[in-house]
Amino acid sequence: MSTATDTANEDLQHDHHDDHHAHHAPSGITRWLFTTNHKDIGTLYLWFAFIMFLIGGAMAMVIRAELFQPGLQIVDPNFFNQMTTVHGLIMVFGAVMPAFTGLANWLVPMMIGAPDMALPRMNNWSFWILPFAFLILIGSLFLPGGGPNFGWTFYAPLSTTYSNDSTALFVFSVHIMGISSIMGAINVIVTIFNMRAPGMTWMKMPLFVWTWLITAFLLIAVMPVLAGAVTMVLTDKFFGTSFFDAAGGGDPVLFQHIFWFFGHPEVYIMILPAFGIISHIIPTFSRKKLFGYASMVYATASIALLSFIVWAHHMFTTGMPVGAELFFMFATMLISVPTGVKVFNWVATMWRGSMTFEVPMLFALAFIILFTIGGFSGLMLAITPVDFQYHDTYFVVAHFHYVLVTGAIFSIMAAVYYWLPKWTGKMFDVTLAKWHFWCSLISVNLLFFPMHFVGLAGMPRRIPDYSLQFADFNKWISIGGFAFGLSQLIFLAVLIKASRKQGEPVDDRVWEGAEGLEWEIPSPAPYHTFDTPPVVK
Amino acid sequence: MAQQEYQKYYVPEQSVWPIVGAVALFLIAVGAGLFVMQTVSETWKGGGIVLSLGLLTLLVMLVGWFKNQIDESMSGLYSDQLGRSYRQGMAWFIFSEVMFFAAFFGALFYARTIAVPWLGGASNNAMTNEVLWPTFEAMWPLTSTPDGTTTTAMGWAGLPLYNTIILMVSSVTCHFAHVSLEKNERSKLTMWLGATILLGCLFLGLQVYEYIHAYRDLGLTLQSGVYGNTFFLLTGFHGMHVTLGTIILMVLFLRILKGHFTPENHFAFQAGSWYWHFVDVVWVMLFIFVYIL
Amino acid sequence: MKKTLTSLTILLTMLSSHAVLAETASSKDPYQLNLTKGVTDISQQVYDLHMLMFTICVVIGVIVFGVMFISMFLHRKSKGHKPANFHESVKVEVAWTVVPFIILIFMAVPAAKTLIAMEDTTAPDMSVLVTGSQWKWHYKYMDHDVEYYSLLATQREQINNKFAKGENYLLEVDRPLVIPTGQKVRFLITSDDVIHSWWVPDFAVKKDANPGFINEAWTVVNEPGVYRGQCAELCGKDHGYMPVVVIAKEPAEFEQWVAQQAALQQQAREEEQRLLSMNMEMSDLMATGERVYQTNCAACHMPNGEGLPGVFPALKGSPITTADKPAHIDILINGRTGTAMQAFGKQLSLSELSAVITYTRNAWGNNTGDVVQPKDVYAVMNGQ
Ligand code: HEA
Ligand code: HEA
Ligand code: CUA
Ligand SMILES: [Cu+2]
């Protein structure tokens with residue numbers, strides 16, 4: 001790919017806003033509050049996500065400390081439930097999703113040769129809603145009666161008739177989070193549809209852009225459904241409706257259908273961009289073109305489409321008729337096929353490449369193996385009769401932390417290490433980063449692998465206390481958890497150093513094998529890129 | 001994308017409005033939350049004030065932001081490409097609205113084809129009926145719930161039918177307004193758009209009347225079981241959308257009186273009319289699935 | 001290199017085979033790694049399915065990761081490996097789409113068979129109505145005149161680390177469910193409040209208890225014994241303290257047990273009637289009341305009567321427990337619909353009710369001096 005400058009339309013040359021093409025950023029706090037720049041907004045999203053990761057992680061530490069040994073030591077069960085709930089909510093809506101949106105902000109315009117996101121002011125709005133939404137959510141923990149304690153899945157009627165008053169705040173904070181996600185997704189979609197540089201045809205689009213396009217579609221399709229679900233929870237709790245109450249002709253299971261119609265696509269929202277990231281990093285450090293570009297695109301689309309018809313695999317024990325159970329079991333199993341295609345393509349990309357193992361590559365390789373392990377346990381969960389045994393045990397917890405922590409989170413870390421030099425113009429502290437990787441890799445497996453065992457042995461999830469047979473493994477799990485948590489402080493150190501612009505300057509391409517428009521522009525990437533679009537040949 | 005016709009994409013300067021909007025949503029969320037919580041316990045206070053403050057901030061933000069937007073548009077900063085961005089953005093926004101209604105339609109279909117029959121003993125739920133609700137019989141509309149709340153169903157003839165006709169006609173007048181705008185026939189444009197707004201108001205008036213009728217004469221309330229729930233939430237959210245749509249049309253009307261929009265450049269008008277058509281389609285679905293069937 | 005790989009493969013397949021994992025599966029084993037085989041034909045089938053899935057996944061994993069490691073090892077730049085040029089191959093791509101699909105069919109067929117068998121609740125030999133409520137189970141034998149609540153029996157002091165934890169810590173109840181071996185027992189599962197889930201791993205039965213609906217499940221237990229499980233759906237504060245214990249007895253023994261229970265329950269009802277004409281001593285009431293309170297009420301209103309602010313009201317100094325006696329009796333009997341405060345009228349006996357009311361009216365400095373007798377409760381219960 002090479003770029004050439006195109007002359008902008010003569011008629012618009014006399015535009016009175018010439019000054020905003022100056023290539024340096026406004027300064028002070030208002031730069032961040034009022035910004036319309038995709039790079040600034042990307043940075044805001046990424047820092048926000050990281051802070052949320054630390055807060056959500058701190059809650060996980062409370063969970064792990066309480067579960068360190070049997071008996072109640074540190075928190076009471078009601079508070080424990082709030083920790084579990086808010087940990088799940090923060091990690092999903094506050095850490096992973098905003099981090100991916102931040103990456104999209106930074107990268108999508110640069111990858112498709114656009115000057116910015118299509119709707120820059122709305123972009124700023126999407127971001128600034130988030131800190132407020134989480135302020136409400138976290139703030140509700142300090143109210144009399146406490147915050148949400150019904151699990152991140154807030155099943156009715158635990159979240160309706162039997163919940164505390166602050167449920168109303170929970171509902172409205174989810175509403176505004178949803179508004180933020182939908183606006184963010186609309187922005188990404190429109191940018192990709194409408195702002196590609198000349199010659200950037202659909203099948204030339206980088207995979208991160210493709211996966212985000214499909215993710216954005218999923219977001220717009222399911223976030224409103226979540227909004228509907230919380231709205232019904234609100235009216236059931238406060239206004240006397242009975243959507244989820246059999247006495248009035250409703251059904252608690254209806255809630256689960258609506259929630260998981262959102263919830264299952266939601267988990268793919270948290271993994272598809274990761275697939276995109278890995279599809280950039282593996283070819284770069286294998287010095288070989290991505291194997292099967294087209295099938296990668298089709299596989300992503302198939303996963304997204306299938307994700308709409310598998311939701312009830314979370315509900316196998318709710319007593320659906322056997323026909324429905326069979327349908328959802330088969331549909332769920334099918335998702336392994338396109339996901340497998342992706343894994344095989346990555347491996348084929350590495351095959352007979354010329355590999356080096358820089359930090360982003362280390363995270364990407366760990367991603368492939370550990371995500372696949374999480375996928376395997378997912379496939380086991382899909383087998384309905386066996387899911388009766390696994391459901392709501394730590395086996396499920398193990399499954400989703402493998403796909404989320406060593407999947408989504410590892411891919412985000414890989415992405416940050418991969419593009420950070422481009423953003424700052426300086427190489428990060430490689431030694432620290434390697435420490436971060438190896439400490440994380442070892443501790444994360446100590447943390448989550450034994451969860452498979454206690455799950456199979458019968459330990460239910462969402463309990464603050466457990467019977468004695470689970471004590472030994474839980475101790476190890478907690479130790480792994482603390483170690484993994486501390487390892488993230490190394491990451492914090494790397495990031496602080498990088499944001500202070502310490503380190504060796506890098507050249508434009510940064511990594512020897514890197515391909516794509518973002519590597520053609522200077523490092524650090526100028527405040528405004530592609531004022532005139534490049535032509536992609 | 002024809003390469004040579006590339007126009008400079010307008011990337012706006014810094015703007016205060018988004019963050020004002022974020023603060024507004026924050027206040028609205030907190031205010032609405034507290035407001036609702038006040039209905040169940042005296043512990044909570046101040047909801048109304050915070051909520052009003054939030055709505056006020058939102059209003060300020062909308063006025064400021066749109067003023068900005070209109071000024072930019074009027075001074076010719078916008079390219080065709082930007083116009084496309086706005087149109088696509090609006091289209092996806094409407095898609096998200098469709099999915100919001102889908103959640104409630106989903107609840108309606110589930111309640112009617114699954115929950116209620118199961119409570120009546122269908123499928124694998126024979127014992128549900130026998131042991132827990134022995135006197136309950138499945139029916140739709142659910143005029144007698146398992147716990148014995150009774151109500152009356154809302155018929156489709158009469159008022160709802162008139163409302164359907166009103167809204168369908170308004171969709172047509174809205175379309176005529178658009179055609180007139182494209183032909184640059186300004187007086188026809190104001191006439192058709194005015195008619196659309198009047199029809200919208202008429203619809204809303206009748207809807208209010210219908211609600212009063214439901215509460216007073218039919219005993220059909222928000223509390224009367226899942227039939228009443230789906231009825232009021234679907235028609236209620238639809239009504240809120242009509243209200244919003246009418247307000248949008250009114251703003252457009254004022255802008256037209258001020259001479260805004262040209263046959264080529266009228267994104268705001270187009271967005272408003274799309275929204276109106278969308279609201280209309282939702283109503284038709286409502287009429288079929290909530291009232292007739 | 002090849003050699004290390006083959007030995008690695010052998011090692012992993014060994015790990016996956018039943019040898020290492022399965023033998024450790026006794027229920028108290030602190031290092032139990034694998035799913036239980038259970039004690040029913042179905043649970044055995046489920047276990048086999050689990051092992052089938054597991055083995056397939058391990059094999060695929062070994063192949064995929066193996067290839068990956070080989071290329072990570074051989075095709076590295078530091079070894080001077082030059083990148084090849086290929087980047088697609090329709091043949092290969094079709095192959096690795098079709099092969100996994102076929103593998104999936106292999107899994108789906110036995111899974112579907114087992115599932116259909118598990119969901120076939122027709123023609124049971126007996127039925128038990130299992131009702132979950134916060135946080136206990138209620139069992140009602142549909143074919144006998146026997147029903148009772150089953151509550152966690154672990155002492156609070158063990159949970160709070162004051163006493164040493166017993167062998168069955170958190171997995172013990174006061175009155176277990178008793179079922180006969182060799183008979184098809186159908187469970188009709190429902191709930192009084194939130195969703196719970198009734199789970200006994202050894203039977204491979206886990207079914208949600210949905211309020212207002214009845215789900216069905218069944219089992220035929222082959223071996224007599226004591227089988228322990230837990231509630232498996234988040235149901236509020238004490239979700240972790242809601243165990244299930246089932247005792248399977250030989251049919252003859254079971255018949256004997258039911259007959260005995262029926263007689264005992266009959267006797268208890270007669271005893272209740274007798275109490276109506278008597279007055280109980282304050283001290284007796286307080287003693288019984290404290291016991292009843294700690295087992296039934298303390299979960300929400302806390303052992304010290306202070307409740308959890310904003311969630312469960314304090315009984316210490318509440319207007320109801322200190323003044324409004326009729327309201328107090330009423331809320332105990334009928335609960336308060338739409339809140340977690342359940343109706344205890346059918347859960348506790350008249351004497352227990354009167355005791356716990358007396359207790360709450362006099363404990364923690366409530367000191368009203370009121371004594372509530374069984375007949376007072378009876379009067380409210382029957383609308384007098
Ligand atoms: C990023 C998030 C993510 C991802 C990607 C996945 C991926 C998958 N998940 Fe997971 N899942 C969650 C997040 C995720 N999940 C969460 C958060 C929960 C719990 C929610 C809660 O209750 O709180 C959950 C729960 C969950 C359940 C419910 C369990 C229960 O509660 O009882 C099930 C059941 O079917 C399931 C299945 C699957 C399957 C089949 C996949 C598949 O997509 C996996 C496909 C991948 C592979 C299979 C590996 C690679 C493939 C090959 C190498 C090809 C060859 C393989 C074969 C043919 C075997 N998941
Ligand atoms: C992307 C999503 C995501 C991520 C990243 C994580 C990360 C972690 N999760 Fe989470 N988890 C969920 C999503 C996620 N989780 C969800 C959806 C649930 C279900 C909730 C529900 O049931 O409703 C759940 C539930 C869940 C449980 C089950 C709780 C229960 O059932 O009761 C546990 C238990 O161990 C757990 C642990 C952890 C740990 C130890 C981490 C670690 O990876 C966290 C590591 C990070 C840090 C620790 C922060 C950094 C360090 C510091 C701030 C310094 C302080 C450090 C120390 C004092 C050591 N999680
Ligand atoms: Cu009952 Cu969990
Ligand atoms: Cu899922």
Side-chain angles (χ1 to χ4, degrees), chain A residues 6 8-9 12 15 17 20 26 30 33-36 115-116 118-121 124-125 128-129 132 136 144 165 168-169 172-173 175-176 179 182 186 189-190 193-195 198 220-221 224-225 227-229 232 234-235 238-243 246-251 254 257-258 321 533 535, chain B residues 1 3 5-9 11-19 21-22 25-26 29-30 32-33 36-37 39-41 43-44 77 79 81 84-85 88-89 92-93 95-97 99-100 102-104 106-107 110-111 114-116 119 123-124 142 145-147 149 222-223 225-227 229 233:
Chain A
D6 195 6
N9 193 321
L12 278 154
D15 124 7
H17 282 249
H20 82 261
T30 53
L33 292 181
F34 302 155
T35 183
T36 48
D116 204 301
L119 306 162
R121 275 183 293 233
N124 177 313
W125 196 19
W128 277 106
I129 290 173
F132 292 116
I136 300 176
D165 293 355
L169 289 171
F172 287 110
S173 75
H175 271 140
I176 61 176
I179 292 174
I182 291 170
I186 289 178
I189 281 207
V190 174
F193 263 89
N194 199 27
M195 308 267 297
I220 302 175
V225 176
M232 286 181 235
L234 185 80
T235 59
F238 293 99
F239 301 107
T241 61
S242 39
F243 287 105
D251 183 349
L254 166 60
H257 282 289
I258 302 174
V535 175
Chain B
M1 222 175 294
Q3 295 182 10
E5 282 163 41
Y6 181 83
Q7 297 170 313
K8 202 154 221 167
Y9 201 86
V11 178
E13 276 300 303
Q14 293 210 324
S15 166
V16 290
W17 302 118
I19 186 120
L25 288 186
F26 171 65
V30 173
V36 170
M37 286 148 79
T39 61
V40 293
S41 155
T43 323
W44 315 106
L77 288 172
S79 61
Q81 198 191 3
R84 275 200 301 279
S85 283
Q88 288 176 7
W92 286 107
F93 168 67
F95 173 59
S96 79
E97 291 269 47
M99 291 309 291
F100 181 72
F104 291 92
Y110 184 93
I114 297 180
V116 169
L119 288 165
S123 184
N124 54 353
L142 183 69
T145 66
D147 68 357
T149 314
L222 192 58
Q223 284 86 23
V226 77
Y227 171 70
N229 303 159
L233 259 75

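Letters A, B, ... mirror the listed sequences (proteins, then strands); counts begin at 1. What's counted below: heavy atoms across the whole structure, side chains too, no hydrogens, waters or symmetry copies.
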Shortest non-hydrogen separation from A:G228 to B:A103 and the atoms involved: CA-CB, 4.2 Å

I need the B:T39 OG1 to A:F238 CZ distance, nearest 0.5 Å. 6.0 Å

Kindly compute the distance separating CD (B:Q223) from OG1 (A:T241), expressed to the nearest 0.5 Å. 8.5 Å

Do the side chains of B:V30 and A:F132 get nearer than 4.5 Å, heavy atoms only? no

Look at A:L33, A:I129, A:I220 and state which one has the largest set of heavy-atom pairs under 4.5 Å with chain B. A:I220

Exam field: side chain A:T36 to backbone B:P12, donor-acceptor pair closer than 3.5 Å: yes

Parallel, tilted or perpendicular, judged at 30° and 60°: which one describes the rings of A:F193 and B:W92? tilted

Considering residues at least two apart in sequence or located in another chain, which fulfil the ring-ring contact (aromatic ring centres under 6.0 Å, His included) criterion with B:F93? none

Non-hydrogen atoms of B:P18 and A:N124 that approach each other most closely: CB-OD1, 3.4 Å

Okay, B:T43 and chain A: the region with an atom under 4.5 Å from a heavy atom over there is side chain

Assert top hit (heavy-atom pairs under 4.5 Å, partner chain B, pool A:G249, A:A118, A:A247, A:A227) equals A:A247

Can you tell which part of B:L142 gets under 4.5 Å to a heavy atom of chain A, answering side chain, backbone, both or neither? side chain

Step by step, work out the side chain to side chain contact (heavy atoms under 4.5 Å, CB included) result for A:I258 and B:Y110. CA-CA 10 Å; A:I258 302 174; B:Y110 184 93; over 6 Å; no

Contact summary for A:M195 and B:Q81, nearest pair of heavy atoms: CA-NE2, 3.7 Å

Give, as side chain, backbone, both or neither, the part of B:V36 having an atom under 4.5 angstrom from any heavy atom of chain A. both

B:S96 versus chain A, the contacting section by heavy-atom distance below 4.5 Å: both

Interchain contact, B:W17 with chain A, by part (heavy-atom threshold 4.5 Å): neither

Apply the test side chain to side chain contact (heavy atoms under 4.5 Å, CB included) to residues A:F34 and B:E13: give CA-CA distance (whole Å), side-chain angles for both, the deciding distance (0.1 Å), then the verdict. CA-CA 9 Å; A:F34 302 155; B:E13 276 300 303; over 6 Å; no

Which one, A:P144, A:S173, A:A246, leads in non-hydrogen pairs under 4.5 Å with chain B? A:A246

Among B:T149, B:V116, B:T145, the residue with the most heavy-atom pairs under 4.5 Å to chain A is B:T145

Evaluate B:M37 against A:L169 for side chain to side chain contact (heavy atoms under 4.5 Å, CB included), listing each step before the verdict. CA-CA 9 Å; B:M37 286 148 79; A:L169 289 171; 3.8 Å; yes

Gap between atom CZ of A:F243 and atom CZ of B:F104 - 0.5 Å precision: 6.0 Å

Indicate the atoms forming the closest heavy-atom contact of A:N194 with B:R84, along with that distance. OD1-NE, 3.2 Å

Most heavy-atom pairs under 4.5 Å with chain A, out of B:A102, B:S41, B:A107, B:S123, belong to B:A107

Top residue by heavy-atom pair count (under 4.5 Å) with chain B, among A:I136, A:D251, A:V190? A:V190

Given the rule in the side chain to side chain contact (heavy atoms under 4.5 Å, CB included) test, do A:T235 and B:L233 qualify, once you have shown the distances and angles that lead to the verdict? CA-CA 9 Å; A:T235 59; B:L233 259 75; 4.1 Å; yes

Can you tell which part of B:L119 gets under 4.5 Å to a heavy atom of chain A, answering side chain, backbone, both or neither? side chain

